[in-house]
There are 2 protein chains.
Amino acid sequence: MKDQSNAICLCPLDGIIDTIGKKWGLLIINEIGNHGKLRYNELMSELAGISPSTLASMLKDFEREKLIEKEVFKQIPPRVEYSLSTRGRELREAIIPLIKWATKKGNYTVHCSCTLVKK
Amino acid sequence: MKDQSNAICLCPLDGIIDTIGKKWGLLIINEIGNHGKLRYNELMSELAGISPSTLASMLKDFEREKLIEKEVFKQIPPRVEYSLSTRGRELREAIIPLIKWATKKGNYTVHCSCTLVKK
DNA sequence: TTAAATACTTTGAATTTTGTAGTAGAACTA
DNA sequence: TAGTTCTACTACAAAATTCAAAGTATTTAA
């Protein structure tokens, strides 16, 4: 979303849209939250269907927004772990009702075992 | 998101992504929820920045998904009112924590008076 | 006769997201 | 020694989404 600082009226949701209101935003936050820590390739397979470039760019966005933290281990082959920051964990908490709504019977079908895990 | 009915694993959030995980999805649901009923042009000005074609297509999507209801009055000039369905209202309820998180100090700035209104 | 009002649609361009393939560098394998 | 494997990405062109601007339909008001 383009900068609207000159716009007349903005809605409180505006700020989230760029990160949350994207196709994979909620999924990624939730997925990391479910597992605590996740590596890039683990995310790739959990989020079946995302492209590597999209995932990489989302992770960078989230890191810049301080929603997730990235830990790089100096190994070969490389090892990188992503986890939620405090702020990210708060966001995930706020997303839970949405996930519950989505999983509710009559709304959408759950096809797998990758469900809501509250720590 | 493409049909993944043949995919191995889907996440419960998958189903919402196409509607909610779009740039204006949450904004529109929240906006209609805030006002009860809204006309097309009212939505256009509340959601400063959206293009008419995008709004029209989102409204059609939401109608098809039975998240909103459309009432057409036979008048000239025309008059059309959009409101949330029961399912839409449930969704909005589920979004409220997210809105609250977003409005929280330190997360994002609120620029206008168009805030959370709970019925 | 012209303008105003509303809810859109149409068009082509700009922006985002996607899929496929490729890169780096050490270690293991033949 | 040469080739393969492993992981976390990047590059790039193609596909999908969103954009702005202009146009459509219809009746009443000036």
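So that the names make sense, note that chain A is the first sequence line, chain B the second, and so on, each numbered from 1.
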CD of Glu71(A) versus P of dA8(D): gap in Å, rounded?
-> 13 Å
Would you mind reading off the distance between Met44(B) atom CE and dA22(D) atom C1', rounded to a whole angstrom?
-> 13 Å
Are any of the side-chain heavy atoms of Glu42(B) and Arg39(B) separated by less than 4.5 Å?
-> yes
Is the shortest heavy-atom distance from the side chain of Asn30(A) to the side chain of Ile96(A) under 4.5 Å?
-> no
Are the side chain of Glu31(A) and the backbone N or O of Ile28(A) linked by a donor-acceptor pair below 3.5 Å?
-> no
Separation of Leu43(A) atom CG from dA8(D) atom P, in whole Å?
-> 10 Å
Whole-Å distance between dC9(D) P and Leu38(A) CG?
-> 13 Å
Ile95(B) CD1 to Lys100(B) NZ distance, which is reported to the nearest 0.5 Å = 13.5 Å
Closest nucleotide of DNA chain D for Thr54(B) versus for Ile76(A): which of these residues is on the 5' side?
-> Ile76(A)
In the single-linkage hydrophobic clustering (I, L, V, M, F, W, Y; side-chain heavy atoms under 4.5 Å), do Leu59(A) and Val72(A) co-cluster?
-> yes
Please state how far atom CG in Leu55(A) lies from atom P in dT16(C), giving the value in whole angstrom units.
-> 19 Å
Between CZ of Phe73(A) and C1' of dG25(C) the distance, given in whole Å, is 19 Å
If each end axis of the helix from dT1(C)-dA30(D) to dA30(C)-dT1(D) is fitted on five C1' pair positions, the angle between them, to 10 degrees, is 30°
Between Trp24(B) and Ala48(B), what is the shortest heavy-atom contact and its length?
-> CH2-O, 3.8 Å
Acceptor/donor pairs from residues 77-85 of chain B side chains to any protein atom, 3.5 angstrom cut, sequence neighbours excluded:
from	atom 1	to	atom 2	distance (Å)
Arg79(B)	NH2	Glu81(B)	OE2	2.8
Ser85(B)	OG	Lys66(B)	O	2.7
Ser85(B)	OG	Leu67(B)	O	3.1
Ser85(B)	OG	Arg87(B)	N	3.3
Ser85(B)	OG	Gly88(B)	N	3.0

Report the distance from atom CG of Leu47(A) to atom P of dT17(C), rounded to the nearest whole Å.
-> 15 Å
Below 4.5 Å, heavy atoms only, C-beta onward: do Thr54(B) and Lys22(B) meet side chain to side chain?
-> no
Out of curiosity, does Leu38(B) fall in the hydrophobic cluster containing Phe73(B) (side-chain heavy atoms, cut-off under 4.5 Å, transitive links)?
-> no
Under 4.0 Å between a side-chain N/O of Ser51(B) and OP1 or OP2 of dC19(D), yes or no?
-> yes
Could you go over nucleotides 7-15 of chain C and give all protein N or O partners under 3.5 Å, atom names and distances?
from	atom 1	to	atom 2	distance (Å)
dA7(C)	OP1	Arg39(B)	NE	2.9
dA7(C)	OP1	Arg39(B)	NH2	3.3
dA7(C)	OP1	Val80(B)	N	3.2
dA7(C)	OP2	Asn41(B)	N	3.3
dC8(C)	OP1	Lys70(B)	NZ	3.3
dC8(C)	OP2	Tyr82(B)	OH	2.6
dT9(C)	OP1	Lys60(B)	NZ	2.7

Rounded to whole Å, NZ of Lys22(B) lies from P of dT18(C) at a distance of 12 Å
Phosphate-side-chain proximity, Trp24(A) and dT18(C), N/O vs OP1/OP2 below 4.0 Å | yes
